[in-house]
> 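The structure that follows is given in the form of structure tokens.
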Amino acid sequence: MAHGGGGAGVGFFQEDEILGKAYDARLMRRLLGYLRPYRGLVVVALVILLGLSLADVAPPIIAKFIVDNAIAPAVSHEIPADEGFARLGPLALLYIAVLLVSSGFRYAQSMLASYVGQNAMYDLRVGLFGHLEGLSLSFFDRNPVGRLMTRITNDIDALTDMVTQGVVAIFGDVVVIVVIAVVLAILDWRLALVTYAAVPILIAMTMYFRRMMRESFRAIRIRLARVNAYLNENISGMAILQLFTRERRSFEEFDALNTDLLNANQGGIRAMALFIPAVQFTRAGTSAALFIAAGYWILGGQLTFGTLFAFWQLVERFFSPIQDLSEKYNIMQAAMASSERVFRLMDTEPTIVDPPHPRELAHVRGEITFDNVSFAYNEGDYVLRDVTFKISAAESVAIVGATGAGKTSIISLISRFYDVQKGRILLDGVDLRELRQRDVRRHVGVVLQDPFIFAGTVASNIRLNNEAIGDQQVRAAATFVNADKFIEKLPHGYETVVTERGSTLSVGQKQLLAFARAIAFNPEILLVLDEATSSVDTETEHLIQDALAKLMVGRTSIIIAHRLSTIQNVDRIIVLHKGRVVEMGTHRDLLAQRGVYHRLYELQYRAHEAGASA
Amino acid sequence: MTSARATFFHYLGQRKLQLVIGIGCAAATALASVVPPRFIGAIIDSLQKGTTFETVVLLALASVGFSAGEAIFRGIARYLLLNLARQAEYEMRNDLFAHLQKMHLAYFQHQRIGDLMARMTNDLTAVRQMYGPALMQGAFTVMTFVFALLSMLSVSVKLTVVAMILMPLASVAFWWVGRNVHVRFERLQAKFGDLSTKAQENFSGIRVVKAFGQEAPEVRDFARVNRDYVGKAIGLTAMQGLIWPTMSFILGLAVLSVLYIGGQDAIRGELTIGQLIQFVAYLYLLSWPMIAIGWISNMFQAGWASLIRLQELFDAKPAIEDPIDPVTIPIKGAIEVRGVSFAYGQTIVLHDVSFRVPAGGSLAIVGPTGSGKSTLVNLIPRLFDVQQGEVLIDGINVRRYPLQQLRRAVGYVPQETFLFSVPLRENVAFGLELALTESQIDWAGDVSQLNKDVEDFPARYDTMIGERGVTLSGGQKQRTAIARAVAKDPQVLILDDALSAVDTYTEAEILRRLRGVMRERTSIVVAHRISTVKDADEILVLDDGRVAERGTHRDLLEHGGLYAQMYRRQLLEEELEVDEEREEHAKRLKAATDDEPPFGVRPRLGGMGPEGA
């Protein structure tokens, strides 16, 4: 199945997909490994396939007997007409029975292939997703969401196509070819040889045209991608195009690309317009040769009409799978390329791993120590340098600094989204790297700057997937952070459906929801990223401030603050400047120093409170 | 072309001869295809009666002759008819692009680009399939059906009646299954959408997922969505899988019925064995058209629905067009905005704004985000038309100039830089009739301070920009856009917040050079930084779509309003930055003296540092 929209959209803009071999033993073995849990069904499917091939060959043979044993003898008066009529009946019944069996087998076979293929690929897809979930954040920084999406959707679909259609069909075609070849030889070996003679011609012809067509399709794909990329870019930049009065030139360029595409398409049409008649003519030629040869032997009394009739019908069924086989090349090639990409992703190791013998944290107090920490996202490009500080349990600290000072990195490091390059970070005196990531994160609640809202309900966004958090607790959490008022005003309260990215909620509401989410998990340590966000109305602003103040009570809190009220309420302020801790102390002390904090305060906080904005 | 029907015939009618010959060849193909079975019947009958081997050979060769004719005509019909469709597709694509080029900016803001692209790809393909495979197969099918039916009637009316009772069942079955497959396919697509959304949401929100330790539940949830998808996929196969068993059963039944009933006729001497086998050959010939009818009608339906969607594009009328009686006086560049109001839908963004810039003068516009600055400058090159009031250049309403002339006179640097994936040189010379000379490029690159970056590019100005080339930084992009606007040598230059990603030193350099260039021309600069605007002849402070303050830098500071507040804030900001710059500067000096061999200090350092230090 080609998933029109999704698939095409991505495909169009990849100029030239790298397509390699149509068969790679190593990848194939690994893929077939996913069929192992269904090996019983696979065996059944193979048996049915064999039965199907036999059932497919049977009708022409029964037809032979209808002609040879019933009609022809009666016509030539070897047997009485009544006897001829009598012989027709049972053969006709047998014919119908075979037809029913073959139709049933065919249906069963496609259902089995689909069931096994879909389930095996389900395992692969869920396995890939699960593997991705375990990868570190730095992996997601490097790999755009679009690329991961292509792997998990289109690439796996290509593999499903291969399993449900490709492999089964190839196997089925081969079985049919062998069975018919044998049956032909049994019916009459001399006529069989005449038929076989056409096979190399057909194969050579098909292969020649396939190669031509592959080149042609490649050219078409590349040129179509160019046309669409040009179109996309020019529609996106239409204002510039018009402002710079470039309509005519752009049209000429587009026309040139479009003409290239037309030419490539015409090349493809030419090739097909030669190929299809050529194959058809070969088949017609073969059946003429068959009739000539058969005529010679029938005249010599060495062959019956029925055998000729059976041959004539079987030859058609013999040639189709031979041609079909070459069609499967593309499916296999795409699948190999997809499996290469999927398995490469599967083989990516997480950079942040749990230690083999993690230390257990029985009771978390929430003391956090940064001990000479230096950290860089990209090797050598340090965003934190020699950062040392200690935050006692239940203490509240604000981290302030200009943009790019490294505030966000501190939050990410405490959650162990990344590992430090130098120094260490301790939780209750234990290095984070000696703990399980899960354990760390269970005790650390994070409120991010752009609160992420999942598709679901308001309630499901508070409890996430944690069923242990009941409705009661969801409501309590929402009430605690002042989110209950707006939630209750929503059309269905806590069960109101919210969309991806939370477009139905305002920024302030999303923030309150994120608070509720954090508090529902009741963490010992709270990290809040609260840098300036766009317009939050004064009423919500007040609710947020109040909620934040309540959240900080009784738990270690680290706030990247943008509200004056917040930094005035915390126990201590750490001032970061260019990745270093430059000042530390209370609001009052720091103001008195008249250093970096003083200037930041003048700029960010006082001005903000005055309500002025640039 | 006013309707989908007219559009359909317009593109079909472009190559009437090709169409007629193509259909003629399809008819010849069908006619030739019904002949060989007749020879097969003749061979068998003559064999039965006893004949010479030569006769058999002659009959077989005659049969091959007709098959050859059939193959040749099929090839020609295919070639002509499929090319016709490709040519129609080509023309439609060109026409659609040309049409989109005429559409106004607001159209592209309403219509999502993804939707436009979908129409120009998926819908165009569906329409092309209607013109091509559907038309061709339709021709083959109808003619083959007619000729095969006539041939069958000539052999046996009774058997024809039997076949015509059974064979249409294949068409009906195919049509019915096809419809249900479509429904199930849509359902599968919907589940595929759910699956994609789930994965996308998870990857985008991976920070939250990890922060709350939600990996395992997320995998469970993904597995659930995936399970639904697999269920629908198998459901689709359950329907789709019916097609071939049903078709082969119906065809097999038809062959058997003919053999059974025809066999009795043969025994009774009403039919020869040759005729019987000839008749079976017709059944095989008919089987494809019987199946294809359903397929073709589905293609026509889909193609027509797509054609209607494309017609909607053609039907959209450009809102900004050339005047009927254009004024062609050369533009000098005096700009006047008189009592202008503007709204996007219900949202009013400009209220009664007026200003005047004499030719060669300069105006700066400042104000908070969303105050209407960009909208205001967009009105000058008519990206939008005013709803109330007037925009005049040299005392004449901008609507009276030909669009080409108006836009040629305006150099515009938009807020969001858009560059094309072509070499840098072509981006700078974008829209110019003649290629830029080396000295012109160099000049534009100097004014925009792009030259020093270009030194580092692999092929200098011939470096490819974009995905398949060099990715430019925000500042480099903005400077390229400035070079592009300057290279036009415009009478009016508009910078819409076009220096936001450029550092203050480079900004000062650019502004200094622009002042030289713009001595004779009119400039309008939208900016946030006071340093960008302070030297303008007049500064306009916009707030919520109204002119809040206006005057020179000095006037506005004295006035002590919004502008003065902005100024104070930015001074503080600079104080902080100066610290950083000083530190940075010291470090660079140190690095320079550390690394640099004794024979030279980097010349650029001296030029950049002192202004701030």
Side-chain angles (χ1 to χ4, degrees), chain A residues 3 66 71 74-75 81 84 88 92 95 99 103 106-107 110 114 118 122 126 129-130 133 140 145 148 152-153 232 235-240 243-247 254 258 262 265 269 273 277 280-281 284 288 291-292 295 298 415 438 441-442 446 452 464-465 500 599 602-603 607 612-614, chain B residues 43 47 56-57 60 63-64 67 71 74-75 78-79 82-83 86 90 93 97 101 105 108 113 116 192 196 199 201 203-206 208 211-215 217 219 222-223 230 233-234 237 241 245 249 252 256 259-260 263 266-267 368 381 404 407-408 412 418 430-431 565-566 569 572 576:
Chain A
H3 288 285
I66 290 179
I71 302 175
V75 169
L88 269 177
Y95 197 106
L99 278 182
S103 292
R106 198 183 298 278
Y107 189 70
S110 68
S114 171
Q118 291 289 351
Y122 164 89
V126 173
F129 186 82
E133 289 301 271
F140 289 92
V145 171
L148 302 179
I152 209 125
T153 56
N232 192 45
I235 292 178
S236 310
M238 194 55 90
I240 296 295
L243 279 171
F244 285 82
T245 58
R246 204 181 184 269
E247 289 96 332
F254 183 70
N258 202 4
L262 178 64
N265 273 319
I269 292 171
Q280 206 185 3
F281 183 68
F291 275 100
I292 291 173
I298 288 175
S415 310
R438 282 196 48 166
R441 292 180 193 148
R442 191 164 8 167
V446 184
F452 195 89
L464 293 177
N465 292 300
E500 193 188 359
R599 264 186 244 127
E602 287 282 321
L603 185 61
S613 53
Chain B
I43 290 173
L47 280 173
V56 173
V57 172
S63 158
V64 172
S67 290
R74 188 182 293 278
R78 215 185 150 84
Y79 183 76
L82 291 185
N83 264 335
R86 286 292 178 185
Y90 158 83
R93 195 185 269 130
F97 184 63
Q101 283 192 331
L105 183 57
F108 295 98
I113 290 177
L116 288 177
F192 184 75
S196 305
E201 179 185 273
F203 297 149
S204 310
I206 192 74
V208 179
F212 285 85
Q214 294 294 304
E215 291 95 329
V219 174
F222 180 76
V230 166
I234 295 172
T237 313
F249 184 74
L256 173 67
L259 279 179
Y260 185 73
I267 293 171
Q404 286 258 336
R407 287 175 177 167
R408 249 180 218 152
Y412 193 103
F418 190 94
F430 196 72
Q565 259 180 41
M566 261 176 76
R569 257 183 70 77
L572 273 167
L576 254 183

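Because the structure is predicted, anything quoted here is derived from the model rather than measured. Each chain gets a letter, A, B and so on, in the order its sequence line appears, and its residues count up from 1. Side chains are part of it too, since the values below use all heavy atoms of this structure and drop only hydrogens, waters and symmetry mates.
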> Measure distances from A/Y122 to the heavy atoms of chain B and classify the residue's part below 4.5 Å as side chain, backbone, both or neither.
both
> Chain B heavy atoms under 4.5 Å from A/I66: which part of the residue, side chain, backbone, both or neither?
side chain
> Closest approach of A/G295 and B/V56, non-hydrogen atoms and distance?
CA-CG1, 4.2 Å
> For each of B/Q404, B/Q101, B/R78, B/Q214, tally heavy-atom pairs with chain A at distances under 4.5 Å, and name the one with the top tally.
B/Q101
> Can you give me the closest heavy-atom contact between A/Q280 and B/R74, atom names plus distance?
OE1-NE, 3.1 Å
> Tell me, side chain or backbone of A/L243 under 4.5 Å from chain B's heavy atoms, or both, or neither?
both
> Can you see which heavy atom on B/A266 is nearest to which on A/I71, and at what distance?
CB-CG2, 3.8 Å
> Can you tell me which of B/G213, B/G263, B/S63 forms the most heavy-atom pairs within a distance under 4.5 Å of chain A?
B/G263
> Considering only heavy atoms from C-beta outward, does the side chain of A/N258 approach that of B/F97 to under 4.5 Å?
no
> Could you check whether the rings of B/F203 and A/F129 sit parallel, tilted or perpendicular, using 30° and 60° as the cut-offs?
tilted
> Where does B/I43 contact chain A at under 4.5 Å (heavy atoms): side chain, backbone, both or neither?
side chain
> Please report the shortest heavy-atom distance between B/G241 and A/Y107, naming the atom on each side.
O-CD1, 3.3 Å
> Quick check on the interface: out of B/V230, B/I206, B/V57, B/L82, who has the most heavy-atom pairs with chain A under 4.5 Å?
B/I206
> How close do B/T237 and A/S110 get, counting heavy atoms only, and between which atoms?
CG2-O, 3.7 Å
> Can you say whether A/E247 sits under 4.5 Å from chain B via the side chain, the backbone, both, or neither, judging by heavy atoms?
both
> Provide the closest heavy-atom pair for A/A81 versus B/I267 in the form atom of the first, atom of the second, distance.
CB-CG2, 3.5 Å
> Which bit of B/S196 is near chain A, if near means a heavy-atom gap under 4.5 Å: side chain, backbone, both or neither?
both
> Counting N and O atoms only, with roles assigned by atom type, does the side chain of A/Q118 sit under 3.5 Å from a partner on the main chain of B/I234, one being a donor and the other an acceptor?
no
> What part of A/I298 is in contact with chain B, defined as an atom under 4.5 angstrom from a non-hydrogen atom: side chain, backbone, both or neither?
side chain
> If you measure from CZ on B/R408 to OG1 on A/T245, what distance do you get to the nearest 0.5 Å?
4.0 Å
> Under 4.5 Å from any heavy atom of chain A, what part of B/Y79 do you find: side chain, backbone, both or neither?
both
> Can you tell me how far apart CG (A/N265) and CG (B/N83) are? Round to the nearest 0.5 Å.
9.0 Å
> Any idea which of A/A239, A/A273, A/G84 has the most non-hydrogen atom pairs under 4.5 angstrom with chain B?
A/A273
> I'd like to check A/I240 versus B/Y412 (side-chain heavy atoms, cut-off strictly below 4.5 Å). Are they in contact?
no
> Could you look at A/S236 and say if it's the side chain, the backbone, both or neither that has a heavy atom under 4.5 Å from chain B?
both
